[in-house]
Amino acid sequence: MNVLWIMADQLRWDYLSCYGAKHIHTPNVDRLASRGVRFDKAYVQSPICGPSRMSFYTGRYVRSHGSTWNGFPLGVGEATLGDHLRENGVKCALVGKSHMTPDREGMKRLGIVPESTIGARVSECGFDVSVRDDGTNHSDYPGRHAEDYDQYLRDHGMDARNPWEEWANTAVGPGGEFRSGWLLENAPLAARVPREHSETAWLTTRGIEFIESQGNQPWLCHLSFIKPHWPYLAPAPYNDMYSSTDVPPVNRGIVERRAGHPLLKAWMNMRVSASFSRDDVRDRVAPVYMGLIKELDDQLGRLFAWLEDTGRFKDTMIVFCSDHGDNLGDHWIGEKDLFYDCSVRIPLIVYDPRSEADTTRGTSCDALVEGIDLAPTFVEFFGDRPKAHVIEGRSLQPWLHQAPTEWRRYCVSEYDYSTRDSRRPLGVDQKDARLVMIFDGRWKYVHVETMRPMLFDLETDPDEQVDLGSDPNSRRQVERMAALHFEWCRQHHCRTTCSAETVEAMTDAREPPGILIGYRDRKELEADGLALPLHADD
């Protein structure tokens with residue numbers, strides 16, 4: 001048995017037809033959903049690439065692993081999915097994006113050589129790298145990797161100082177001039193790279209090649225696409241496959257624009273929010289975003305057909321998800337910030353090839369699921385038991401085979417906005433620039449350090465346009481959700497070196513051997529079945 005874990009970057013859950021989207025048809029993702037379980041309330045641990053992925057890869061909350069923002073290194077001591085799987089003889093490989101930044105200072109302190117096997121795995125978040133492709137916006141930009149794709153483009157006649165930039169993310173204007181994909185006004189233009197050589201097509205091929213090359217050792221392949229993440233530029237014909245008339249209505253209202261929360265006001269004033277709040281920008285970008293999704297779905301169709309033809313559907317768990325969504329102008333903001341469902345809620349589909357999953361095929365599940373639940377799901381799939389004192393997520397296997405007797409009452413997501421310029425006008429110190437979302441399936445509570453909380457009732461306000469955080473009539477709900485936040489904060493998050501079994505054994509033993517504390521006399525000692533240590537006068 002093997003696992004193919006497919007992740008798209010910045011893909012909204014509501015831009016897939018199996019999740020009810022009417023403006024776009026994604027038949028290949030839909031087909032996977034018809035053979036597995038579609039989770040309808042899946043939430044990531046942060047709506048930002050880096051911290052979200054570090055939670056996926058460790059099975060731990062952001063506050064636990066400490067990599068709270070893009071480029072913040074994951075501590076050298078953090079156990080990863082690869083570490084857990086290798087203990088059971090499973091190869092854990094990366095094909096695509098990880099957004100991992102290694103803890104070089106920690107490695108140096110511990111004498112770990114980056115070029116060693118251990119050093120390479122620590123540097124790559126526990127993965128054995130088949131290909132690392134995070135994309136690169138400039139040749140001198142640190143922390144990005146696209147060297148393999150650059151060489152591929154050169155091998156196919158697309159040479160440049162930076163082929164990723166100058167072919168995959170550059171378009172040709174009406175006059176034959178080159179246009180940068182970083183400028184939103186150029187989004188409708190076709191990328192210079194042909195569709196068969198696009199990054200999405202190339203990564204799909206590399207994923208197939210990896211699977212073909214595997215022997216008898218069980219494996220997990222993390223096939224991690226960088227699209228539909230910006231730059232919003234697609235190869236023909238996907239660049240103009242859709243128009244502004246195909247895009248669903250924007251989800252924003254005047255009541256939000258006049259919102260009283262200072263943090264929301266500051267966010268709406270950021271450049272990216274101001275851009276995506278313009279109808280002309282959204283009308284140009286959103287159709288291309290849809291085109292990138294359609295391209296991804298087409299490539300998944302190619303991948304799934306190959307898996308069928310080779311019989312790999314019979315022995316491979318297939319998981320499809322994204323690392324977060326995209327606001328696209330909803331709520332007057334852009335990018336993937338904050339905790340609106342368009343950003344923090346993700347698609348999650350799990351196909352389990354085992355016969356135990358036959359009764360749940362083609363079903364949906366509305367349980368509160370978190371990104372950290374995948375790591376223990378994979379560990380359990382390969383026949384091992386997840387380490388509950390390390391991994392904070394819960395295996396989804398019960399939902400794949402039968403409904404569990406109990407499940408979580410709320411899910412959690414976190415956001416460190418210390419590097420966002422929105423905190424400066426608010427006078428928020430970087431150490432206080434923290435947000436935490438608690439969602440119980442109806443009420444979405446957002447703890448805002450140094451400010452009042454936000455609260456949304458998704459039953460009466462599914463569009464999340466009315467903040468009830470300061471509403472006197474909602475005070476009881478605010479207090480209840482704040483109590484859940486406090487409950488979560490009080491849990492053990494960092495006691496990772498001793499298992500529950502070890503703690504219980506230590507409790508049973510009372511004290512280490514030879515240590516006798518509080519005994520009044522020998523009789524009391526012997527009543528506990530103990531004896532004094534040997535002395536010379538005994």
side-chain hydrogen bond (donor to acceptor under 3.5 Å, both in side chains) assessment of D323 paired with S52 = CA-CA 6 Å; D323 61 347; S52 173; 5.6 Å; no
Let's go through E165 and W182 carefully: what are the C-alpha distance in whole Å and the side-chain angles of both, what is the deciding distance for side-chain hydrogen bond (donor to acceptor under 3.5 Å, both in side chains) to 0.1 Å, and is it a yes or a no? CA-CA 10 Å; E165 177 79 39; W182 292 102; 3.0 Å; yes
| request: Report the C-alpha separation of I318 and I6 in whole Å, then their side-chain angles, then the decisive distance to 0.1 Å, and conclude whether the side chain to side chain contact (heavy atoms under 4.5 Å, CB included) test is met. | output: CA-CA 7 Å; I318 303 174; I6 304 167; 4.1 Å; yes
Original post:
Should L484 and Y445 be marked as a side chain to side chain contact (heavy atoms under 4.5 Å, CB included) after you check the CA-CA gap, both sets of side-chain angles, and the distance that decides it?
Top reply: CA-CA 10 Å; L484 293 181; Y445 168 87; over 6 Å; no
Let me see the working for Y232 and Q10 under side chain to side chain contact (heavy atoms under 4.5 Å, CB included), right down to the final yes or no.
CA-CA 11 Å; Y232 302 102; Q10 205 151 318; 3.5 Å; yes
Working note: S395 + E380, criterion side-chain hydrogen bond (donor to acceptor under 3.5 Å, both in side chains); need CA distance, chi angles, decisive distance, verdict. CA-CA 7 Å; S395 172; E380 191 168 46; 2.4 Å; yes
field: salt bridge (charged side-chain N to carboxylate O under 4.0 Å, His left out) between K108 and E105, intermediate numbers included
entry: CA-CA 5 Å; K108 183 178 180 180; E105 290 188 10; over 6 Å; no
**Message:** With side-chain hydrogen bond (donor to acceptor under 3.5 Å, both in side chains) as the criterion, how do S98 and R132 come out once you've worked through the C-alpha distance, each side chain's angles and the decisive distance to 0.1 Å?
**Reply:** CA-CA 7 Å; S98 73; R132 170 85 183 266; 3.2 Å; yes
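Taking CG of L348 as the start and SG of C321 as the end, the distance is 6.0 Å to the nearest 0.5 Å. Atoms CG and CG, from N70 and D416 in turn, are 10.5 Å apart once rounded to the nearest 0.5 Å. Atom NE2 of H229 is separated from atom NZ of K97 by 4.5 Å, given to the nearest 0.5 angstrom. With rounding to the nearest 0.5 Å, the separation of OG1 in T204 from CD in E199 is 11.0 Å. Atom CZ of R206 sits about 10.5 Å away from atom SG of C221, to the nearest 0.5 Å. Between the CG atom in D150 and the CH2 atom in W164 there is a gap of 9.5 Å [rounded to 0.5 Å].
Although no hydrogens or angles enter the test, the distance criterion places a donor-acceptor pair under 3.5 Å between the side chain of N88 and the main chain of F382. A donor-acceptor pair is defined here as one N or O able to donate and one able to accept, closer than 3.5 Å; such a pair exists between the side chain of R86 and the backbone of G126. Panel note: side chain T363, backbone T360; a donor-acceptor pair is recorded below 3.5 Å.
Comment: D341 engages K444 in a salt bridge, judged by a side-chain N to carboxylate O separation of less than 4.0 angstrom. Ion pairing between D134 and R53 fails under the 4.0 Å rule for side-chain N and carboxylate O. Ion pairing between R442 and D440 fails under the 4.0 Å rule for side-chain N and carboxylate O. Under 4.0 Å is where a charged nitrogen must lie from a carboxylate oxygen, and between E87 and K387 at least one such pair does. With respect to the salt-bridge test (charged N to carboxylate O, under 4.0 angstrom), the residues R345 and E464 do not qualify.
The shortest heavy-atom contact between W5 and M7 is CZ2-CE, 3.6 Å. Minimum heavy-atom separation, S46 to V62: CB-CG2, 4.0 Å. Nearest heavy atom pair, residue L303 against residue L4, reads CD2-CD2, 3.9 Å. For T170 against L233, the heavy-atom pair with the smallest separation is N-CD2, 3.5 Å. When all heavy atoms of S413 and F339 are compared, the closest pair comes out as OG-CE2, 3.5 Å. The two atoms that bring V44 and S322 nearest to each other are CG1-O, 4.2 Å, heavy atoms only.
A 4.5 Å side-chain heavy-atom check between R104 and P73 finds every atom pair outside the cut-off. Considering only heavy atoms from C-beta on, L74 comes within 4.5 Å of T58 through its side chain. A heavy-atom distance below 4.5 Å is found between the side chains of R63 and C489. The shortest side-chain heavy-atom distance between S123 and M100 does not fall under the 4.5 Å cut-off. Between V344 and F439 the shortest side-chain heavy-atom distance does not fall below 4.5 Å. Between L300 and F225 there is a side-chain heavy-atom pair separated by less than 4.5 Å. The shortest side-chain heavy-atom distance between T502 and T497 does not fall under the 4.5 Å cut-off. With a 4.5 Å cut-off on side-chain heavy atoms, I48 and Y417 do not count as touching.
No more than 12 heavy atoms of other residues, nucleotides or ligands lie within 6.0 Å of CZ in R385, so this atom counts as exposed by the packing criterion. Shown here is I118, whose CD1 atom has no more than 12 heavy atoms of other residues, nucleotides or ligands within 6.0 Å.
Between H197 and H156, the angle of the ring planes lies from 30° to 60°, which puts this pair in the tilted group. Between W407 and W399, the two ring planes are perpendicular [angle over 60°; tilted spans 30° to 60°]. The aromatic rings of Y415 and W69 sit perpendicular, their planes meeting at an angle over 60°, well past the 30° parallel limit.
None of Q299, R302, E196 except one satisfies the side chain to side chain contact (heavy atoms under 4.5 Å, CB included) rule with T205; the exception is R302. Checked against N2 for a side chain to side chain contact (heavy atoms under 4.5 Å, CB included), the options M317, K91, R312 give a single hit: R312. Looking at L16, V29, I24 one by one, the single match for side chain to side chain contact (heavy atoms under 4.5 Å, CB included) with D297 turns out to be V29. Put simply, the residue from K41, R394, R408 that forms a salt bridge (charged side-chain N to carboxylate O under 4.0 Å, His left out) with D373 is R408. Shown are F378, Y57, F210; of these, the ring-ring contact (aromatic ring centres under 6.0 Å, His included) with H222 is made only by Y57.
Under the 6.0 Å cut-off for aromatic ring centres, W488 and Y61 qualify, their centroids lying closer than that. A ring-centre distance under 6.0 Å is not found for F313 and W306. Between H485 and Y410, the distance from one ring center to the other does not fall under 6.0 angstrom.
Side-chain N/O atoms of Y238 and D298 include a donor and acceptor closer than 3.5 Å.
For residues 16-42, the pairs satisfying ring-ring contact (aromatic ring centres under 6.0 Å, His included) are Y15-H23, with sequence neighbours left out. Sorted by first and then second residue, the ring-ring contact (aromatic ring centres under 6.0 Å, His included) pairs with a member in residues 355-377 form an empty list; sequence neighbours excluded.
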